[in-house]
2 protein chains.
Amino acid sequence: MALTSTDTSRYDNTLAVIRTLRDQGPVARVDLGALNGISSATVTSISAELLQQGLITERPPETPRPTGRGRPKTLIELDPNAACVVCIKLSINEIQLVVGDFLGQVRHSEYHAVPTLMLSAEDLETLLEEKISAICAQQLKGFQRLAGICLAVQGVVSSQSGTIIWSPALSFRNAPISARLAERFHCSVLLENDANCIASVLAAQPAYVDCPNLVVIMLGYGIGMSVLINGVPYLGANGSAAEFGHSKYHPDGALCACGRRGCIEAYASDYALYRAAAEHLELPAGDSAHPSEQQMQALTQLALQGDLLAQRIYAEAGRALGYGIANVLALFNPDLVLITGSGVRGFDAMQATMHHAIDEALVAELRGTTRIESCAWDRDMTCMGGIAMALHATDGETLSESQASFVS
Amino acid sequence: MALTSTDTSRYDNTLAVIRTLRDQGPVARVDLGALNGISSATVTSISAELLQQGLITERPPETPRPTGRGRPKTLIELDPNAACVVCIKLSINEIQLVVGDFLGQVRHSEYHAVPTLMLSAEDLETLLEEKISAICAQQLKGFQRLAGICLAVQGVVSSQSGTIIWSPALSFRNAPISARLAERFHCSVLLENDANCIASVLAAQPAYVDCPNLVVIMLGYGIGMSVLINGVPYLGANGSAAEFGHSKYHPDGALCACGRRGCIEAYASDYALYRAAAEHLELPAGDSAHPSEQQMQALTQLALQGDLLAQRIYAEAGRALGYGIANVLALFNPDLVLITGSGVRGFDAMQATMHHAIDEALVAELRGTTRIESCAWDRDMTCMGGIAMALHATDGETLSESQASFVS
DNA sequence: TTATTTATTTTAGTACCTAAAGTAAATAAA
DNA sequence: TTTATTTACTTTAGGTACTAAAATAAATAA
């Protein structure tokens, strides 16, 4: 008779095995059992299925002898070519396309300069279709299947409906982007906020694994945030949760790009810092409303080298940031707040006032034990996270589709 | 051989049946199956066990005929006396003790005036032991077992460790209260924030069931908040999440009871409103730092009846509240914000400026579709929520202990 | 060469669930 | 009044998935 609709234990255990193999690399059946709380007999049965489906392979025994007595472990590992995902990062004036294999490793990466603010929703769709088609044709040869596509976007997105609601990198609003790509490429399309991608990568790092409640603040052209609760991004009702950049520092504060006053972003983002400095300081020529990396580096240099006005600007940014973080601590009480993004280049110039503002705003009981740390920034991290999230989201499909193709 | 450690389906299904019966009242086996996605054969088997354990009873067929053809449904229902819980609400200068039955119905309630701010941790423990002992002796006669005790406390508590970290109703800090009570009364002791109790009750109401992400703001002597994410209270790392009252309105704002400046509580709590008014208005005599219900009602009356100064004070409170809510919307993006607590009495005098502040602070894309509503306040609601949470937390124990006692 | 150790596989047995068949208890229709 | 129909509940038969224990495999140590 039929499988009970509520009994998902085989499915759950199989996914657990796949994910353990992805996280830990090659693992023996005994250890897979111990790690996941299942018997090794069950692991034998699950791995036999996965082997038949071509999702895993047995690793040939090492030539250098295994240590210890007894029958040596037979390591099994994911077949990196069993599936792949494509992740596209959409940021202001640039898109990045990355191919990741079934292990989550980056196998290909390319950047394109694109005037994103000029694009209509149709332009963007067409552009993405073109670029992804090219990637499919050139880069996906050895893979058994394309499991999914992840679109990592700054701003407010609805993952559920696949709609870009509001992105600082784009001029249009409310574009249901996932549906068309899913239809065109016959695979799952995941739409994610870029900060959530970064947070997923950071949460997996050994230094932060014991932080079930993790807040990641992204400083850059704008200011983004991700809140992981028990390791999963908190999205809110419409996907506009964690909009730290537009939480408030001061009721009648500086003007923000969003049109309101007093947002944290209006003090601590690249454009806010540059705007405050441009009037008074000698800085590289360029669009001062959309400062380039080079422009920002020049400004940061001034602050770090002791220019008093630049220091004052960063100090005030740090104060706003700290004040905003105080609210985050009072409301989320996370284990850890990590500050990263391209804007961390200036973190040393903000740090002191930031900590001071936090202490001034919160009593010790509410300040709690939350660690607040900064963390080096790597422009490829977003897509690494997107790949991981896309694989995680599509493991179930990969599993059932491999099964189907084997049966038929 | 042994039951697989991962196979919890019978346990899960049994709990689901118990909880359905608690939420919906008497239900037939067919309907229990349909509601929980299990076959009625399984419900037959589960209900046979529960019947033997004495946790449910079959309801005798109704004298007025059931409508429709076919064999009439045999309704089963929880035995209200199968278990009970005691909930204690600890608020400033008052404690309430309530007995709830296995259905979650209040069976007994009593209030005691207690100078809570004068108590040491030991005093409190002794007092609670006394009061609970008396309740046990007098009120728990008909019940098969005391499943648990719930302590509902204003302020910051660690549910995990059972420690009261910081409560405005108490002078001491960091008191591990649960352990001693658990030892003394041989049952589970649940320590909960009062706002979480209220939120649990509200979330179950038909009007709000479609709000998986619910924020409840409690106005009163202090200002509390609860955030339910998918129906469960978000606690944070140390239990100090959702401290809305000490999130910020203004960097250099009014002095708060916590010792910091600019907290929302320093504008919109009872003591803040009364403090602002007492200098200038004729109000009932009394401790103006801890205004009584009567004092607050007098002040609210003035504002609602058009006294300009009182109106200005409430308007400013509304502005602070709205500003704080804007941050909550930006960070949590909930489906619904409910404003309640004894302080809602003055909500009409705050409403206009509150909404204005929210609109001024947030662009439409971030304002989202969140409903913001107020909701009538009932002083018994906290304990109703505490009972529900305690029952939910102890259903598993009740189940396994009834089983054990049946087997032996 | 044999004993020991450890890993994996096979076997036997259990718990749970569902579908389908059987039974029970009512109303509607002949 | 009897029979058919409908709906609810129970029993039976069959299937999946798991574990413990036994068997087998493959190494090292003695």
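Note on naming: letters A, B, ... go to the chains in the order of the sequence lines (proteins, then strands), and numbering restarts at 1 for each one.
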Report task. Would you mind classifying the nucleic acid contact of A:S45 as base, sugar-phosphate or nothing, using non-hydrogen atoms under 4.0 angstrom? Result ->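 Nothing: the residue A:S45, judged by heavy atoms under 4.0 Å, touches no strand.
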Closest to the [X] side chain: [options]?
X: A:K73; options: C:dT10, D:dC18, C:dT8; value: C:dT8
X: A:P72; options: D:dT11, C:dT9, D:dA27; value: D:dA27
X: B:S9; options: C:dC16, C:dT18, D:dC9; value: C:dC16

Whole-Å distance between [N] [atom2] and [X] [atom1]?
X: B:I38; N: C:dA15; atom1: CD1; atom2: C1'; result: 15 Å
X: B:L51; N: D:dT10; atom1: CG; atom2: C1'; result: 14 Å
X: B:R10; N: C:dT14; atom1: CZ; atom2: C1'; result: 14 Å
X: A:D12; N: D:dC18; atom1: CG; atom2: C1'; result: 13 Å
X: B:N13; N: C:dA15; atom1: CG; atom2: C1'; result: 13 Å
X: B:E58; N: D:dT10; atom1: CD; atom2: P; result: 7 Å
X: B:L32; N: C:dT18; atom1: CG; atom2: P; result: 13 Å
X: A:L75; N: C:dA7; atom1: CG; atom2: P; result: 11 Å

Query - Position toward the 5' end of DNA chain D (nearest nucleotide), A:G70 or A:S40 - result: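 Between the two, 5'-proximity favours A:S40.
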Report task. Scan for salt bridge (charged side-chain N to carboxylate O under 4.0 Å, His left out) pairs involving residues 74-85 of chain A, sequence neighbours excluded, and state none if there are none. Result ->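 Listed once each, the pairs are A:R59-A:E77.
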Tell me every residue that passes salt bridge (charged side-chain N to carboxylate O under 4.0 Å, His left out) with [X], counting only those two or more places apart in sequence or in another chain.
X: B:D31; value: B:K73
X: A:R71; value: none
X: A:D395; value: A:R19, A:R22

Report task. Give a yes or no on whether a donor-acceptor pair under 3.5 Å exists between the nucleobase atoms of D:dA27, that is its base, and the side chain of A:R71. Result ->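 Absent.
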Once side-chain contact (heavy atoms from CB on, under 4.5 Å) is applied, do any residues pair with [X], and if so which ones, sequence neighbours excluded?
X: B:L181; result: B:L128, B:E129, B:I132, B:L151, B:I177, B:F185, B:V189
X: B:T74; result: B:R29, B:E58
X: A:M384; result: A:V106, A:V201

Query - Salt bridge flag under 4.0 Å for residues B:E49 and B:R10 - result: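 A salt bridge links B:E49 with B:R10.
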Taking N or O atoms only and anything under 3.5 Å, show me the protein contacts with nucleotides 28-30 of chain C, one pair per line.
from: C:dA28; atom 1: O4'; to: B:R69; atom 2: NH1; distance (Å): 2.7

Requested in this report: Keeping the roles fixed (side chain from A:T398, backbone from A:T394), state whether a donor-acceptor pair exists under 3.5 Å.
Outcome: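 Checking the backbone N and O of A:T394 against the side chain of A:T398, a donor-acceptor pair under 3.5 Å is found.
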Query raised in the report: Counting only N and O atoms by type, is there a donor-acceptor contact under 3.5 Å from the side chain of A:S159 to the main-chain atoms of A:L191?
Result: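 Yes.
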Report task. Taking only heavy atoms on the protein side, list every residue of residues 16-31 of chain B lying under 4.0 Å from any atom of DNA chain C, sorted numerically. Result ->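 Nucleic-acid contacts, sorted: none.
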**Report entry** Base-pairing assignment for C:dA30 (Watson-Crick or G-U wobble, both under 3.5 Å)
**Finding:**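 The answer is D:dT1, by the H-bond criterion.
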